[in-house]
**Q** 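Below is a structure I'd like to ask you about.
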Amino acid sequence: MRNTAKIRGWMFENSVRMVDIQRDLQMKSLGQVWMTINGRRSDRRVLAWLKERKCPVRFLDLPPDMLDAS
């Protein structure tokens with residue numbers, strides 16, 4: 001299960017806003033980012049963005065094929 005509170009805490013500590021993710025990924029809707037962070041969707045681009053920026057994987061509840069040594 002995705003840990004929304006921990007993800008949001010990590011985002012706050014690292015000065016990351018949902019709109020930053022949206023813009024970096026050139027998404028039309030902020031809703032996709034919001035739904036992924038809140039566990040209602042699993043947009044792989046959002047999850048990969050968070051993972052690449054060192055958001056702890058244990059917070060993200062990644063699909064098995066996105067798990068690796070990092």
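Excluded from the calculations below are hydrogen atoms, water molecules and symmetry mates; all remaining heavy atoms, backbone and side chain alike, are included.
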**Q** Between CE of M35 and CG of D43, what distance do you get to the nearest 0.5 Å?
**A** 9.0 Å
**Q** So V46 and M27, do their side chains get closer than 4.5 Å, heavy atoms only?
**A** yes
**Q** Side chains of T36 and R45: donor-acceptor distance under 3.5 Å anywhere?
**A**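 No, no side-chain donor-acceptor pair sits under 3.5 Å.
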**Q** What's the shortest heavy-atom distance between R44 and P63, and which atoms?
**A**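 Shortest heavy-atom separation between R44 and P63 comes out as NH1-CG, 3.6 Å.
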**Q** Could you state the interatomic distance from CG (L25) to CD (Q32), rounded to the nearest 0.5 Å?
**A** 9.0 Å
**Q** What is the distance from atom CG of L30 to atom CE of M18, rounded to the nearest 0.5 Å?
**A**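 If we round to the nearest 0.5 Å, L30:CG and M18:CE are 6.5 Å apart.
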**Q** If you compare all heavy atoms of A48 against all heavy atoms of M66, which two are closest, and at what distance to 0.1 Å?
**A** N-CE, 3.7 Å
**Q** Please enumerate all residues that pass side-chain hydrogen bond (donor to acceptor under 3.5 Å, both in side chains) together with D24, with sequence neighbours excluded.
**A** W49
**Q** Quick one: does any side-chain atom of R40 pair with a main-chain N or O of W34 as donor and acceptor, under 3.5 Å?
**A** no
**Q** Once side-chain contact (heavy atoms from CB on, under 4.5 Å) is applied, do any residues pair with R17, and if so which ones, sequence neighbours excluded?
**A**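 With sequence neighbours excluded, R17 shows a side-chain contact (heavy atoms from CB on, under 4.5 Å) to V19, D20, R23, given in chain and number order.
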**Q** Once rounded to the nearest 0.5 Å, what's the spacing between atom SG of C55 and atom CG of L60?
**A**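 C55 atom SG to L60 atom CG measures 4.5 Å (nearest 0.5 Å).
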**Q** So how far is it from N14 CG to R53 CZ, rounded to the nearest 0.5 Å?
**A**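 Interatomic distance, N14 CG to R53 CZ, rounded to 0.5 Å: 11.0 Å.
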**Q** Distance from I21 atom CD1 to L50 atom CG, nearest 0.5 Å?
**A** 4.5 Å
**Q** Minimum heavy-atom separation for S29 to Q22, with atom names?
**A**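 Taking every non-hydrogen atom into account, C-NE2, 3.7 Å.
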**Q** Side chain of K51, backbone of L62: donor and acceptor closer than 3.5 Å?
**A**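 No, K51 side chain to L62 backbone: no donor-acceptor pair under 3.5 Å.
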